[in-house]
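Within every chain, numbering begins at 1; the chains are lettered A, B, ... in the order of the sequence lines, protein sequences first and strands thereafter. Computed from a predicted model, the values in this text were never measured in an experiment.
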Amino acid sequence: MGPIIITFSTIFSKLPSLIPSFCPLVYGGLVLLGGGNGDASSGVSTDESAVLPKVEVVSEACSSYPAESELELGLGLSLGGGGGATGKTKAANSSWGECGRILTAKDFPSVVSQRTNNGGPSSVAVSGTKRAAESVSHESCSPTGASQVVGWPPIRAYRMNSLVNQAKAQRGDEGDNGIVEKDKPKDALKKRLNCNGKQTTVNEKGHLGFVKVNIDGIPIGRKVDLNAHSSYESMAQALEDMFLRSPNSVENEPLTMASKLLDGSSEFVLTYEDKEGDWMLVGDVPWRMFVSSVRRLRIMRTSEANGLAPINESNERQRSKPI
Amino acid sequence: MQKKVACSFPDEVLEHVFSFIQSDKDRNAVSMVCKSWYEIERWCRRKIFIGNCYAVSPRMVIRRFPKVRSIELKGKPHFADFNLVPDGWGGYVLPWIAEMAGAYPWLEEIRLKRMVVTDECLELIAKSFKNFKVLVLFSCEGFSTDGLAAIAASCMNLRELDLRDSDVDDLGGHWLSHFPETYTSLVSLNSSCLGSDEVSLSALERLVGRCTNLRTLRLNRAVPLDKIANILGRAPQLVDFGTGTYGADLQSDVFSSLAGAFSSCKELRSLSGFWDVVPAYLPAIYPVCSRLTSLNLSYVTIQSPDLVKLLRHCPSLQRLLVLDYIEDSGLEALSSSCKELQELRVFPSDPFGEEPNVSLTEQGLVSVCLACPKLQSVLYFCRRMSNVALVTIAQNCPNLTRFRLCIIEPRTADFLTLEPLDVGFGAIVEHCKDLRRLSLSGLLTDRVFEYIGRYAKKLEMLSVAFAGESDLGLHHVLSGCESLRKLEIRDCPFGDKALLANAAKLETMRSLWMSSCAVSFGACKLLGQKMPRLNVEVIDESGPPDSRPDSCPVDKLYIYRSVAGPRFDMPPFVWTMEEDSALQLNTIGNPIGSEWEHNMKGIQGLRAQMPFVLYLAELSNTSQW
């Protein structure tokens, strides 16, 4: 009996490393079907969140190996750009044939070309049994409109950011075929000439929406990809998961399981440094304005966060506003 | 008898002879001749290259080579460039600096790639090495301009400071003013990655003015266009110049002073930067174009005709980086203007767009390959390819040493025949006998790997994504590619069989990366147990792999050879294995010493927060400590 392994890669997250909770998405799922050796017992089926259909997974000891001739590889849908996952199926892919039940993006129509707001791990192989049933909340389509495999195309971060900014500008520009005219009127006050005044996610670090996050008490910071979020809530959630929860629930936790960073009930408070170098409380300005002016984030102990805007009033006001 | 012969030559003579041998390979060969040569050689080796910082420990290096002056270290796997390696994976240079501070007081050069460098490291460097000359931080991270200030203030003999592509916490340009007024030794400065709006222009100008040996100056984006003339005016001897922002409202006086400044730079051979280009300012560089050998226009978002106009002025061009705005027509023009071209890199302007935004296809690359006989290195992003085109390229450019093709959509077939691109890439490896580096893309079956295994005998680095059908593919590569050093694979259906069958091969390579493949946890464990000189690391953010059956595939796998045994600085999440009690991070006697442990404390404090790297290794390894 051949081993049957199904792997799923989740591709829509740009967040570098994260929490194990995520939505396992099928995108180009690979199925190796062993031929001829009886049928694979339907081993474990996992119940994913309500959003995802049942995943049937069969796994076997890796020691047995199917003869090559018996291996058929069924490819899932082609990895394609575009909202409709099957939109760009190349003809060649259909020649591969699809064997057996392969989950395609059709099974997850609401999920394709979206990012989870937790922005799960960059790429995850899911097989078998113990996926935590995580609820996945889906945001609207990604800004670029294309489903993105993490790390593909292989372009380095500093270059990506430059492109992302220009791409965003193009969308705001009518009639521009991807070229940004550089002699538009500019903000005369800015020394640094973002000649294209439409750069929305201006991140001086030159990385694809990634900003550094530090938390008091831990010397080494992390990075969060602001492009993966479209609201304060989702970013705060990601940060909370990153810093304040340990999937391992290990001893000597320096940080407690804290509640929300944004509403002041946690012992920590989320602050950011803006372009002018001032430290501000997160949540005071509309999300887009925040994204374009944030330089880095700091999760500060509430006790130290004096001199910043009072937490409760302004934040609550902001949170009730749709952003 | 032989011993006598060897000893009849005084050591000093041998040492003198060895001093002419620079290459590492040759040095290694020399050291293997006999014991006394080994001894002599190790005392006079001045330059060390360590391709994987975890392959060996600082102490081992110092023990063998006590008089090193120059060290180069690489940390994270290459795929870290594309966010495939989670934060906190490792690559910390502090332990190395800490050890070398004591052992190599005369260290002059440190070159790092993809490593984590902190301000503390930089301060330690500034303090410890009195004759420090060269600091290259290529794609590094973890430090700020405060650390740079420390270097600037203390390193009176600093020649080269190159921050290429690093992620620097830029707190403003004041670090430049930390170079004392008496400091004049700067030869090369690359601060192009600094992201702050602020830069201390006056400090920069003064620095440039007094460092008369300055040859390379790459500015960051914050430096405005109208300051370039002034800067260039102070450094007409520059060979390599990178502008900051290259756009502003067009003013004729600014333009003419800019053009004048460029024309006075008779030695200028390389230009880069050009952020936010205003096309009208490009002609200012025409005076230098005829001598240019290297041009980086990869941030220049102007249309093909403007690009072509510029390139027509550059007949000596050997190296060009450009965006795909150049289009097929522009590449055709390039191929007729720039016959000296050796390296071409074409980047995508809109990699995530559904439809192509520019007319750049395989034709552009083909026309360059047909007309530029010296072409050796290609990096090309496009949206379609054909076997015919690849065969043409292969036949016309047999001197290719680096060929990296990225067809943006994974698994794209030959657009003419709808077949896989096996034959095309097969032609590449067959005809380009000196090919050292290859990146594959498009629709590929196991056949392409068969070709690679058969023909690519000089191949050192192979990058594979969304390719292959079965373990046979991996097997072909591992069994056939004799020179293979680095193999990185993502999203391919390669599993246990080929890996385990070729386990011995892995010890001849620097590293193997596999992510989103089908290698099971059980195989990883097995490999770790059977191969003591390999470090088998599993990266799995979804939770401890031993909470799932052994047959479950791991998310990411990084295997590398090492004589240093398991590393201890992994992001702290220890899934102990049964035999493995000794591998608790931090609990066994740290072989490097308490100092290092102290340095690692901060990182270890993060353990509970960043749990996703699991280390698997043979237990008996620990005995070598």
Side-chain angles (χ1 to χ4, degrees), chain A residues 5 7 9 16-18 20 30 32 59-62 65 68 71 73 78-82 90-92 121-125 127-130 144 146 148 150-151 153-156 158 162 166-167 178-180 182-183 191-193 195 204-206 218-220 222-223 243 246-248 250 253, chain B residues 81-84 86-87 165 195-197 221-222 224 245 247-248 276-278 299 301 303 349-352 354 357 381 406 408-413 418 443 469-470 472 491 493 496-497 515-516 518 520 522-523 541-543 547-549 551-553 555 573 602-603 605-606 608-609 611-612:
Chain A
I5 306 163
T7 62
S9 299
S17 59
L18 279 183
L30 305 169
L32 292 166
S59 53
E60 292 214 359
C62 64
Y65 238 87
E68 257 71 47
L71 268 180
L73 178 67
S78 71
L79 289 158
K90 302 281 187 274
S122 47
S123 172
V124 175
S127 173
T129 65
K130 296 188 185 167
T144 61
Q148 297 170 30
V150 169
I155 302 172
R156 296 168 68 183
Y158 63 89
S162 184
Q166 279 159 7
I179 312 291
V180 183
K182 291 304 181 184
D183 43 9
K191 286 255 179 260
R192 166 176 161 192
L193 293 167
C195 293
E204 273 92 346
K205 299 279 183 285
I218 295 186
I220 295 195
R222 304 286 299 277
K223 284 191 207 153
F243 286 102
S246 165
N248 208 21
V250 154
E253 286 282 336
Chain B
D81 285 351
F82 315 125
N83 294 328
L84 284 175
D87 257 7
D165 303 343
S196 163
D197 273 349
R221 204 167 173 176
T245 296
D276 314 313
V277 159
V278 167
Y299 297 104
T301 55
Q303 299 203 25
S349 52
D350 186 16
F352 302 120
E354 285 187 44
N357 60 324
F381 285 81
C406 178
I408 288 179
E409 171 119 357
R411 302 199 185 92
T412 303
L418 300 183
L443 185 64
E469 307 160 279
S470 75
L472 258 188
D491 293 278
D496 301 339
K497 195 176 184 185
S515 58
S516 304
S520 72
E541 294 161 278
S542 58
S547 67
R548 297 190 284 278
S551 54
C552 286
D555 179 22
F573 185 101
I603 293 163
L606 284 166
Q609 320 310 322
F612 53 80

Here the pair of heavy atoms bringing A:P153 nearest to B:F381 is CB-CE2, 3.9 Å

What pair of heavy atoms forms the shortest contact from A:V150 to B:N83, and how long is it? CG1-O, 4.0 Å

Counting C-beta onward and ignoring hydrogens, is there a side-chain heavy-atom pair between B:D81 and A:P154 closer than 4.5 Å?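 Heavy-atom side-chain distance check fails, nothing below 4.5 Å.
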
